[in-house]
Amino acid sequence: MRDKDRQNRSRVFYFVLFLFFLTVFGYLLVALSNLILPVVLGTLAAYISLPAVNYLRRKGLPKGIAILILLGIFSFIIFVIGEKIISFIPSEEESLELRVQLQYKLNENFLDFLGKKDFKSEGNIIDNLIGKELYPIFKTVNSFLALDDKEKKIFKHYADSIKIPQRVLFFFNENQKHPFEALVSKNNKDSANSKILSAVPDVTYHSKIAVFLKAISNWIILPFVFIFVLIDEGEIKNFLLSIVPNRYFEMVFTTISNVDKAIGNYLRGTILQSTLVGMTIFIGLLLIGFNIQAAILIGIIAGISNAIPFLGPIIGLLTGLLYALIVEGIDPLLPFLPDNPVVGVIIVVVIAQLLDNALFQPLVLGKAVNLHPLVVVIGVTGGSIIAGFWGMLFAIPTIVIFKVVIANLYKQAKEYFIIY
Amino acid sequence: MEGKNELKIKSLWKDYSKEIFAGKGDSLVDVLHKIPLFNKLNKHELKIVSKFAYERSYEPEEFVFQAGQPGAAMFMIKEGEISIVKKNNENEFVEIARLKEGEVFGELALLDSSPRSAGALALTHVKAIAIFREDLNNLLETHPDIGGRIMQYLAIITGKRLKETTNLLIQLEDKLTKLKENCNEG
């Protein structure tokens with residue numbers, strides 16, 4: 001029989017050690033919270049790249065070269081996407097121009113929808129039924145878009161100094177005639193511009209070098225995490241297993257292996273699915289006549305946000321509709337496609353979602369990790385409360401990881417006679 | 001009763017593993033080289049295999065694994081003594097074989113996750129090296145030449161053991177038939 005005293009001492013020792021490490025880990029998690037996202041993304045990128053690294057090794061390439069090649073490919077993709085996104089971020093003046101266009105188009109489409117020539121005239125049956133309910137929402141959106149007195153001065157100075165299109169000036173003048181304008185001038189205390197611009201990086205107010213330095217201070221860790229996770233030849237697993245007691249040794253190893261496989265397949269499947277949806281939307285938008293830059297950007301946004309269940313497709317749709325409201329001169333590539341860009345965007349997104357549900361998801365993900373819709377809704381909502389957009393994006397993969405870990409742990413604990 | 005033609009059950013465990021003294025100062029590569037499954041690999045290949053070899057220490061009376069648990073790894077004894085045990089009808093552990101330094105056990109777990117047919121109990125302080133089936137499967141992806149050869153050697157070893165088991169079963173049947181005849185005559 002093993003020494004009982006020694007067993008008790010061991011239990012106390014390991015418990016105290018566990019508490020110590022938990023405290024240290026908790027402190028580091030809070031203190032280094034800025035590094036969490038780069039570390040997570042670096043690890044994700046490494047997970048996704050693992051089959052590609054193995055493929056290149058089978059073809060005879062040394063592991064280091066294979067990793068560097070993949071790092072180069074990832075860096076190139078991120079550079080291209082980042083450049084595209086940054087090129088679309090407007091300056092303060094461009095943001096004002098955008099709001100002027102959006103406000104005009106919103107008013108125009110709203111009046112068309114209600115069958116009115118102006119806000120004082122009679123409308124159609126839709127106006128009679130729900131016009132009164134829609135009006136306050138419309139008014140709120142308008143007050144957000146409308147320029148206050150200070151912004152109007154900036155815009156006029158901008159319009160005088162640079163040749164902006166005549167139609168934008170026309171939009172601005174038409175907006176001044178708008179009945180909401182007077183209300184907005186009095187009530188719009190917080191500049192809507194500051195709200196918009198606070199949501200995007202400070203590219204417009206700082207030099208590009210300063211922005212670059214700020215970005216790399218946290219994100220420089222990402223490529224290192226990527227490289228070292230891929231270079232690892234089981235040292236991390238070896239270390240983790242060395243602290244597991246013998247009784248749980250095979251069980252823990254089997255659990256880690258199963259979880260590793262399941263999570264890797266799920267993440268790779270989700271990335272592939274999002275890419276397919278993004279590409280479908282990109283091709284669809286090109287066909288309805290969007291210019292290639294806008295189609296790429298909307299496709300990227302729709303693809304990334306497609307990873308968020310329920311809300312993701314809506315984000316993609318809203319992004320497309322936002323652009324559709326202000327774009328002009330749309331010429332569809334095929335004759336049977338609609339001229340109206342708003343209708344076109346809706347059709348493209350609906351087709352993309354149908355393909356996603358009927359083809360992409362079953363083929364790529366299958367029924368690998370099925371979550372109850374209620375769990376998905378609560379998860380996405382909780383994720384948004386905890387960490388905004390990133391929380392929504394990572395909520396479901398996090399829940400999936402927990403589910404896979406717990407299910408495997410339970411199954412293995414039963415098979416290895418740890419529990420009944 | 002034991003006689004000239006006694007069934008050597010213990011030999012089932014010993015035939016295909018060598019009883020070689022594994023020196024305490026040997027590196028992991030040297031220790032792996034002594035396992036028949038790996039002794040045809042060169043030093044570079046053994047170094048790759050050593051990356052997923054886990055060294056474990058066991059106290060006396062501690063189980064390495066128990067009968068009925070899914071098999072996930074093969075073990076090689078670096079130091080100490082292991083008893084292969086099975087429960088009889090009275091629920092008592094009965095020793096089937098005793099293994100020393102340099103011997104391997106549980107190698108069928110490298111093929112699939114079938115439940116262990118017997119348990120492995122440490123009789124002394126034991127240091128063992130574990131190699132997992134999943135790591136071997138991953139080796140087939142990253143180094144298919146090395147992984148393929150290991151699987152081939154495993155198949156040969158398993159096939160030899162199957163032949164030996166068949167021969168022993170035939171011997172047992174013959175003995176049983178003779179016993180029946182003797183009983184009938186008596």
Side-chain angles (χ1 to χ4, degrees), chain A residues 1-4 6-7 10 49-64 66-67 230-262 264 408 411-420, chain B residues 28 44 47-75 80 82 87 106 109-110 112-116 119-122 125-148:
Chain A
M1 283 295 283
R2 295 175 72 178
D3 183 8
K4 261 201 169 174
R6 190 178 164 191
Q7 268 187 326
S10 296
S49 310
L50 208 53
V53 168
N54 288 340
Y55 172 80
L56 290 171
R57 286 176 85 183
R58 279 202 301 275
K59 293 295 172 192
L61 273 175
K63 190 175 187 181
I67 292 170
L230 283 175
I231 274 179
D232 175 63
E233 294 262 25
E235 284 94 352
I236 297 172
K237 201 169 19 173
N238 221 320
F239 167 73
L240 287 173
L241 284 171
S242 69
I243 58 177
V244 170
N246 287 329
R247 198 177 172 203
Y248 310 109
F249 174 55
E250 278 187 270
M251 181 197 94
V252 168
F253 180 96
T254 309
T255 305
I256 291 174
S257 284
N258 292 345
V259 166
D260 191 21
K261 259 190 277 187
N408 266 281
K411 185 183 171 213
Q412 295 305 319
K414 287 192 100 172
E415 286 186 350
Y416 281 92
F417 312 141
I418 308 294
I419 60 172
Y420 284 109
Chain B
L28 196 51
H44 170 70
K47 214 174 168 188
I48 292 169
V49 173
S50 72
K51 283 179 182 162
F52 52 82
Y54 301 89
E55 195 166 323
R56 305 292 296 186
S57 298
Y58 297 88
E59 298 291 313
E61 305 295 316
E62 189 179 2
F63 271 101
V64 177
F65 54 76
Q66 295 187 46
Q69 287 179 344
M74 171 190 85
F75 292 85
I82 288 279
K87 273 188 181 169
L110 293 182
D112 67 7
S113 60
S114 304
R116 304 276 195 192
L121 183 67
H125 286 281
V126 167
K127 277 190 183 162
I129 293 165
I131 291 180
F132 283 85
R133 182 181 62 255
E134 284 303 324
D135 287 330
L136 200 53
N137 290 341
N138 289 339
L139 192 67
L140 283 166
E141 282 213 10
T142 56
H143 299 84
D145 51 338
I146 303 172

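Only heavy atoms go into these numbers, but all of them, side chains included; no hydrogens, no water, no symmetry mates. A, B, ... follow the sequence lines: proteins, then strands. Residue 1 opens every chain.
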For the pair A:Glu235 and B:Lys51, find out whether any cationic side-chain nitrogen is under 4.0 Å from an anionic carboxylate oxygen.
no
Around atom OH of A:Tyr55, are there more than 12 heavy atoms from other residues, nucleotides or ligands closer than 6.0 Å?
no
Cation over ring, A:Arg247 on B:Phe63, under 6.0 Å and within 45°?
no
After noting the C-alpha distance and the side-chain angles of B:Asp135 and A:Lys237, does the key distance pass the salt bridge (charged side-chain N to carboxylate O under 4.0 Å, His left out) rule?
CA-CA 11 Å; B:Asp135 287 330; A:Lys237 201 169 19 173; 3.6 Å; yes
Chain A contact via [X] - side chain, backbone, both or neither, heavy atoms under 4.5 Å:
| X | value |
| --- | --- |
| B:Ser57 | backbone |
| B:Ala53 | backbone |
| B:Ala109 | neither |
| B:Phe52 | neither |
| B:Pro70 | both |

Mind running side-chain contact (heavy atoms from CB on, under 4.5 Å) on A:Arg57 and B:Glu141 for me, showing each step along the way?
CA-CA 9 Å; A:Arg57 286 176 85 183; B:Glu141 282 213 10; over 6 Å; no
Sub-4.5 Å side-chain heavy-atom contact between A:Asn246 and B:Arg56
yes
Would A:Glu250 and B:Arg116 satisfy side-chain contact (heavy atoms from CB on, under 4.5 Å), going step by step from the backbone distance to the final call?
CA-CA 12 Å; A:Glu250 278 187 270; B:Arg116 304 276 195 192; 2.9 Å; yes
Report yes if the distance between the aromatic ring centroids of A:Phe249 and B:Phe132 is under 6.0 Å, otherwise no.
yes
Measure from the ring center of A:Phe253 to the ring center of B:Tyr54 and say whether it is less than 6.0 Å.
yes
By salt bridge (charged side-chain N to carboxylate O under 4.0 Å, His left out) - contacts of A:Lys63 (at least two apart)
A:Glu233
Just how far is it from atom CD of B:Gln69 to atom CD1 of A:Ile418, taken to the nearest 0.5 Å?
7.0 Å
Measure the CG-OG1 distance between A:Leu50 and B:Thr142 for me, rounded to the nearest 0.5 Å.
10.0 Å
Taking every heavy atom of A:Thr254 against every heavy atom of B:Ala72, the minimum-distance pair comes out as OG1-CB, 3.8 Å
